[in-house]
Number of protein chains: 2
Amino acid sequence: MTKMATRLRIVEVERLKTACSTCSLQELCLPAGLNESELAAMDKLVDLRRQIKRGDHLYRVGTSLQSLYAIRSGFMKSSVLHDDGREQVAGFHMMGDLMGMDAIGTSQHLCDAVALEDSEVCDIPLKDLEALSRTIPSLQQHFHRIMSREIARDYGVMLLLGSMRAEERLAAFLLNLSQRFAARGYSSLEFHLRMTREEIGSYLGLKLETVSRTLSGFQAQGLIAVQNKHLRILNIDALRALVSPHGCRD
Amino acid sequence: MTKMATRLRIVEVERLKTACSTCSLQELCLPAGLNESELAAMDKLVDLRRQIKRGDHLYRVGTSLQSLYAIRSGFMKSSVLHDDGREQVAGFHMMGDLMGMDAIGTSQHLCDAVALEDSEVCDIPLKDLEALSRTIPSLQQHFHRIMSREIARDYGVMLLLGSMRAEERLAAFLLNLSQRFAARGYSSLEFHLRMTREEIGSYLGLKLETVSRTLSGFQAQGLIAVQNKHLRILNIDALRALVSPHGCRD
DNA sequence: GATTTGGCTTGATCTTTATCAACTTATGCC
DNA sequence: GGCATAAGTTGATAAAGATCAAGCCAAATC
C-alpha cells in the first residue's frame with residue numbers, strides 16, 4: 001500500500017481504476033477465470049484506458065492493428081464498408097465485449113468501430129496479450145473461447161441474414177439485445193436502443209422503413225411498446241415464437 | 001534416415017504421409033511459417049488422418065469438440081440448422097482450410113460439417129495445439145491469424161448477405177472460389193462446382209431457382225460458361241465490376 | 001441399356017421488401 | 001426557447017426474388 005502510494009501521481013489514479021483486478025466486468029471480459037496472481041499480471045497488460053466520444057471512431061478500416069479493445073462502458077458498432085459506399089453494420093458491442101479481433105489476420109482493421117454513445121475502452125496490446133497467454137493457459141483458453149464465440153455469433157448472423165424474414169430478424173435482434181442486457185445486470189424487458197433505425201436495418205439487411213414498419217407491427221400486436229429509442233418487451237414468448245415459427249423441431 | 005527406417009512399420013508409413021513436414025499444404029495450413037524443428041513438433045501433434053466419404057459428416061451440431069480439422073484434400077460445407085429445419089450453409093471449405101473453430105467457445109459444435117466429395121482431414125487435438133502454441137510463438141500467432149481470418153471472412157459474408165443483390169452475390173461467390181482455387185495452384189478461370197445450386201443458394205441467401213437464373217443470365221451476357229457443375233469464367237473483369245458496381249469510391 | 005432419381009432450367013405468378021414521398025416527431029444548437 | 005436538422009412513421013407504388021409448376025438432363029442403379 002505505502003509502496004504503491006509513493007509511486008502514485010494524479011494521472012496514475014486514473015490508471016489504477018482501469019485495473020482488471022478491480023473491474024466489475026471481470027467475469028464477462030478477457031480475465032474471466034483467472035486467479036489473483038494472474039489478474040495482477042493482466043493489470044500490467046491493460047494499462048491504458050481510452051475515452052471515445054459519441055460519434056467518434058475507435059478505429060478505422062485500413063488502420064494498422066495496435067491493440068484489441070475491451071469495452072468498459074458505452075455502446076459501439078462495427079461496420080464494413082462496401083466499395084461503393086454502402087455500409088453494413090457487422091455488430092453492436094457493449095460492456096465486456098472485445099473488439100478488433102477481425103484485424104489480427106492482416107494486422108489491419110477491416111471494419112470501422114464507432115461509438116454510439118460516449119464510451120470507455122481498455123487498450124490491450126495484442127503482442128502483450130499473446131505473450132501473457134503463453135504463460136497463463138487459462139487466459140490463452142479464454143482468449144480462444146472469445147474469438148470462437150465471435151465466429152459462432154457471426155454464423156448466427158449469417159443464418160439470420162440468409163434465411164429469415166423481416167419479422168423474424170427483428171424479433172431475433174430484440175431477443176439478442178434483451179439477453180445481452182440481462183447478462184450485464186440490466187433489465188431484459190426494458191431498454192434503450194442506442195442505434196438508429198437505419199443502423200438496425202443495416203445490421204439486419206433491411207431498409208430503415210421496413211424496420212420502422214415491423215416495429216410498429218409488433219407494437220400493434222402487443223408484443224412490444226416502442227417510443228423512439230425506448231423499448232419495452234411485453235410478450236417475450238410471442239417474440240420467441242416468431243423466431244422459431246412452429247416449434248416444429250425434428 | 002536409417003534411424004528412422006528402423007522405427008517404421010507399415011501403419012506408420014501411412015502416418016508419415018500425414019506429417020506436416022512433408023505436406024504440400026504446409027504454407028497454406030496451420031504450420032505456415034514454422035522452422036524445421038517446430039515442424040517436427042507439429043508432426044507429433046497431428047497424428048491422425050481421417051477419410052470422409054462424400055455425404056458423410058465430419059462432425060454434427062451438438063457433438064462435443066475433440067479436435068480441429070485441417071483439410072488435406074476434398075471439399076466440405078459447414079451449415080447451421082434453424083430450429084424449424086431450415087439449413088443455412090455457413091461456408092465451403094477446401095484443402096488447407098481449418099474447420100471446427102466455432103466450437104471452441106462452447107466445446108460443442110454449432111454447425112454440421114459434411115463432405116461434398118471424398119475428403120481427407122488431419123485431426124488436430126485442440127488441447128495439444130494450445131499446449132504447443134504456448135511454446136512456439138509463431139504457431140500461436142498463426143493460429144490467431146487463422147481464427148481472425150475466419151472472423152474477417154464472416155464479415156464479408158455478412159456484407160454480401162446484408163447488402164448485395166442476387167447478381168452481386170453470385171459474382172462475389174464465383175470470384176471468391178476463383179481466388180481460392182488459384183491460391184491452391186488450380187486454374188482460377190475454370191473449375192468444378194462441388195456443391196448443388198441449392199447449397200450455393202443457401203450460402204448466398206437465395207433460392208436455387210434464383211441461382212440458376214442468375215448463372216444463366218451471366219452466361220447470356222458472356223461472363224461465364226456453365227454446364228452443370230463445370231464452370232468457366234470468360235470475363236473476370238466484368239464479374240469484378242458487378243461486385244463493385246460503379247467503381248465509385250470516395 | 002433402360003430406368004429411376006436427383007439436380008437443373010425456365011416460365012408464370014405472387015409476396016415481400018425496397019423505393020419514393022410526404023409528413024411528424026425529436027434532438028441539438030444558437 | 002425557438003429554429004434547424006436529423007430521425008422516425010406511414011402510405012402508395014415498384015421491383016427483386018420467392019413460389020409454384022412443368023419439363024429436361026445427367027448421373028447412378030439395376
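Scope of the values below: all heavy atoms of this structure, side chains included, with no hydrogens, waters or symmetry mates. Just so we're on the same page: letters track the sequence lines, and every chain starts at 1.
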*Worked verdict on B:Arg54 versus B:Asp118 for salt bridge (charged side-chain N to carboxylate O under 4.0 Å, His left out)*: CA-CA 4 Å; B:Arg54 176 167 170 228; B:Asp118 292 357; over 6 Å; no

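- For D:dT19, one of the phosphate oxygens OP1 or OP2 lies less than 4.0 angstrom from a side-chain nitrogen or oxygen of B:Lys207.
- Side-chain atoms of B:Ser216 lie closest to C:dT10 of the nucleotides C:dC8, C:dT10, D:dA7.
- Nucleic acid contact for B:Gly201: none, since no nucleic acid atom lies under 4.0 Å from a heavy atom of the residue.
- Between B:Leu215 atom CG and D:dG17 atom P there is a gap of 14 Å when expressed in whole angstrom units.
- The CG-C1' distance, from A:Leu193 to D:dG8, rounds to 12 Å in whole Å.
- In this structure, the NE2 atom of B:His230 is 17 Å from the C1' atom of C:dC8, given to the nearest Å.
- Judged by distance alone, with hydrogens and angles left aside, A:Arg213 brings a side-chain donor or acceptor within reach of the base of C:dT19, the pair sitting under 3.5 Å.
- Classified by interplanar angle (parallel below 30°, tilted 30° to 60°, perpendicular above 60°), the ring pair B:Phe181/B:Phe191 is tilted.
- Side-chain N/O atoms of A:Arg54 include one lying less than 4.0 angstrom from OP1 or OP2 on C:dG28.
- The base of D:dC25 lies outside donor-acceptor range of the side chain of B:Gln227, with no N or O pair under 3.5 Å.
- Residue contacts shown for A:Leu208 include a base, since a base heavy atom lies under 4.0 Å away.
- Here C:dT25 presents its P atom at 11 Å from CG of A:Asn228, a figure rounded to the nearest Å.
- Listed pair B:Arg197 / C:dG7 fails the phosphate criterion, with no side-chain N or O lying under 4.0 Å from OP1 or OP2.
- The base of C:dT16 is not paired with the side chain of A:Arg169 by any donor and acceptor separated by under 3.5 Å.
- Rounded to 10 degrees, the angle separating the terminal helix axes of the helix from C:dG1-D:dC30 to C:dC30-D:dG1, each built from five base pairs, is 50°.
- Between A:Leu231 atom CG and D:dT9 atom C1' the separation is 16 Å, expressed in whole Å.
- Checking D:dT9, D:dA21, C:dA26 against the side-chain heavy atoms of B:Glu209 singles out D:dA21 as nearest.
- The only option from A:Lys77, A:Arg194, A:Lys53 that meets the salt bridge (Lys or Arg N to Asp or Glu O under 4.0 Å) definition with A:Glu117 turns out to be A:Arg194.
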_I'd like to know whether B:Tyr59 forms a side-chain contact (heavy atoms from CB on, under 4.5 Å) with B:Gln108, so could you lay out the CA-CA distance, the side-chain angles of the two residues, the decisive distance to 0.1 Å, and finally the verdict._
CA-CA 10 Å; B:Tyr59 50 77; B:Gln108 291 217 334; over 6 Å; no

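- The nearest whole Å value for the distance from the CZ atom in B:Phe218 to the C1' atom in C:dT10 is 17 Å.
- The side chain of B:Thr210 contributes an N or O atom lying less than 4.0 Å from OP1 or OP2 of D:dA18.
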*Quick one: do A:Asp123 and A:Arg50 satisfy salt bridge (charged side-chain N to carboxylate O under 4.0 Å, His left out)? Show the steps, please.*
CA-CA 7 Å; A:Asp123 210 288; A:Arg50 216 194 277 197; 3.4 Å; yes

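- Screening B:Leu234, B:Leu174, B:Val226 for a side chain to side chain contact (heavy atoms under 4.5 Å, CB included) involving B:Phe218 leaves a single residue, B:Leu174.
- The environment of CD in B:Gln26 is crowded: more than 12 heavy-atom neighbours from other residues, nucleotides or ligands sit within 6.0 Å.
- The side chain of A:Lys229 approaches D:dG8 more closely than any other nucleotide in the set D:dG8, D:dG17, C:dC8.
- An OP1 or OP2 oxygen of D:dT10 is reached within less than 4.0 angstrom by no side-chain nitrogen or oxygen of A:Ser212.
- The residue B:Gly205 sits close only to the backbone: its heavy atoms come under 4.0 Å of sugar-phosphate atoms, none of a base.
- Heavy atoms from other residues, nucleotides or ligands lying under 6.0 Å from CZ of B:Arg232 number 12 at most.
- A straight line from CG of A:Leu160 to P of C:dT17 spans 12 Å, rounded to a whole angstrom.
- For the pair A:Glu167 CD and C:dT15 P, the interatomic distance rounds to 16 Å; values are reported in whole Å.
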